[in-house]
2 protein chains.
Amino acid sequence: MNSLVEENYLKAIFLLSNSEGEVSVNELSKHLDIKMPTVTSMVKKLSEKQLVNYQKYKPVKLTIKGKGEAAQIIRKHRLTEMFLVEVMGFGWEEVHDIAEQIEHVNSPLFFSKMDEILEYPNYDPHGSPIPDSDGNIPGKQYRQLSQYKAGDTVTFMAVAKSSDAFLKYLNSKELSLETKLTILEVEPFDGTMKVSYENRPSETLSKVVCDKLLVI
Amino acid sequence: MNSLVEENYLKAIFLLSNSEGEVSVNELSKHLDIKMPTVTSMVKKLSEKQLVNYQKYKPVKLTIKGKGEAAQIIRKHRLTEMFLVEVMGFGWEEVHDIAEQIEHVNSPLFFSKMDEILEYPNYDPHGSPIPDSDGNIPGKQYRQLSQYKAGDTVTFMAVAKSSDAFLKYLNSKELSLETKLTILEVEPFDGTMKVSYENRPSETLSKVVCDKLLVI
DNA sequence: TTTATTTGTTAGATTAATCTAACTTAGTAT
DNA sequence: ATACTAAGTTAGATTAATCTAACAAATAAA
Ligand SMILES: [Mn+2]
Ligand SMILES: [Mn+2]
Ligand SMILES: [Mn+2]
Ligand SMILES: [Mn+2]
């Protein structure tokens, strides 16, 4: 039904939408690395197809239909990442680019088989929620590690804005999901934290890192 | 490097080539379900890229380079089919269309991981050979069941021109690879065979079916 | 409230892959 | 040998997705 290109736009709109569900043409352009005029014309096309609401000079918003189709692609992406890690033995830093391609495979059976083999997972290897087949997302709200204070003990649940480089950094610190962290001290000047976990008595994490660690 | 479309042309040229390694524009057109003028222009493009040799009004032939790239795509296709059957539990009649899409995934690591998990298979679920990473094909030459005579005992090794419908027919007859078949009689008029195998004392197979069963 | 900057749109060009219609070449049959 | 048919090519149009250049609107700064 939708082309691979359209699917990537829908997914980007979904993932970049703010709390009101809106995203600007400019932001889409930056994240997709596609020039603004191209984005404008594509958004018009999606609007024709009733997948987004669009008015000149206003930010874009997915329709119910558009949100559902975006969720399906995100579901396929995250199921794939989980499959690559759990069944095929990839590291969590290796799977995104492969999933970016396989998410466009047209075969409901293929993804339902993955789902079955994985025993219906709710989260992907980076802790992001996997929408169910109706597009509903199991909504746990995590907070950034950087919002906590010295003495707090939290559990690392998900990675925000995960890049391969950041995931490799976490590997090097042996920091994986479900790890319990105790905050030893917070440097007020720049937000750098000293934390302890597992058999690591004291690790120093920059503010940039603490912002990307989602905990509960 | 090559587009998905170019990859499908290369694969078709490889698979449809005759013993001299040649295939006509007309045949490509029929099998790809793309009109002849389109095929002509695409073949010209592949010729520009040194992937085929082409002269006006002559059949097309892959260059060494083109043959290598075609073999890689076929390798990815067949590895994928094997993975879908052996690891994910699909039936051999369900995997072709999925593999047709996944064969275009750009990730050497993904396919080498499949290869490793499958312990470096040489044949796909339909008995077709999987080219190795250098594009060499393990060349066993099977013959059609229809070429044998009454009294012969053979082993079913591969399916020629397998369609989903034909594979489902084989399922219904409980006829799978490696099965030993004894030819009871051959009807001279139309080539229909009576055969026995496993716990099936006598099954009748039409000439059309016997042509598609490759045995040794 | 002007002015400058950022954001967004319009217009027109480009590339890949397809098509139809018209014409040509090659091969087959009378 | 001539005519017919099948196969192949050329020319020109179409659609999807992209771009650059130029202009317009909205927002932020002075
Ligand atoms: Mn991802
Ligand atoms: Mn994608
Ligand atoms: Mn196949
Ligand atoms: Mn394909």
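A, B, ... follow the sequence lines: proteins, then strands. Residue 1 opens every chain. Since this is a predicted model, take the numbers as computed values, not measurements.
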Report task. Determine the contact category for S3(B): base if any of its heavy atoms lies under 4.0 Å from a base atom, sugar-phosphate if only primed atoms, P, OP1 or OP2 are that close, otherwise nothing. Result -> sugar-phosphate

Report summary line: Only residue of I34(B), L51(B), L28(B) satisfying side chain to side chain contact (heavy atoms under 4.5 Å, CB included) with Y9(B) is I34(B)

Each nucleotide N or O in nucleotides 6-8 of chain D that has a protein N or O under 3.5 Å away: list the pair and distance.
| from | atom 1 | to | atom 2 | distance (Å) |
| --- | --- | --- | --- | --- |
| dG8(D) | OP2 | N26(B) | N | 2.7 |

Query raised in the report: Does a donor on one side chain sit under 3.5 Å from an acceptor on the other, for K49(B) and N2(B)?
Result: yes

Query raised in the report: In whole Å, what is the span from the CD atom of E48(A) to the C1' atom of dA17(D)?
Result: 16 Å

Requested in this report: Nearest whole angstrom, please: distance from the C1' of dA17(D) to the CD of E7(A).
Outcome: 15 Å

Requested in this report: To the nearest Å, give me how far apart NZ (K35(A)) and P (dT14(C)) are.
Outcome: 18 Å

Query - Presence of salt bridge, K168(A) and D164(A), under 4.0 angstrom - result: no

Query raised in the report: Do K45(A) and E6(A) sit within salt-bridge range, that is, some charged N less than 4.0 Å from a carboxylate O?
Result: yes

Query raised in the report: Using a distance-only test with no angle check, is there a side-chain donor-acceptor pair under 3.5 angstrom linking W92(A) and D124(A)?
Result: no

Requested in this report: Mind calculating the distance between CE (M42(B)) and P (dT18(C)) to the nearest angstrom?
Outcome: 7 Å

**Report entry** K44(A) NZ - dG8(C) P separation (whole Å)
**Finding:** 13 Å

Requested in this report: Go through the steps to decide whether S24(A) and N26(A) satisfy the test side-chain hydrogen bond (donor to acceptor under 3.5 Å, both in side chains), and finish with yes or no.
Outcome: CA-CA 5 Å; S24(A) 68; N26(A) 188 247; 5.1 Å; no

Requested in this report: Mind calculating the distance between NZ (K45(A)) and C1' (dT18(D)) to the nearest angstrom?
Outcome: 11 Å

Query raised in the report: Could you give the CG-to-C1' distance, from L32(A) to dA17(D), as a whole number of Å?
Result: 13 Å

Report task. Quickly work out the N8(B) CG to dA16(C) C1' distance and round it to whole Å. Result -> 15 Å

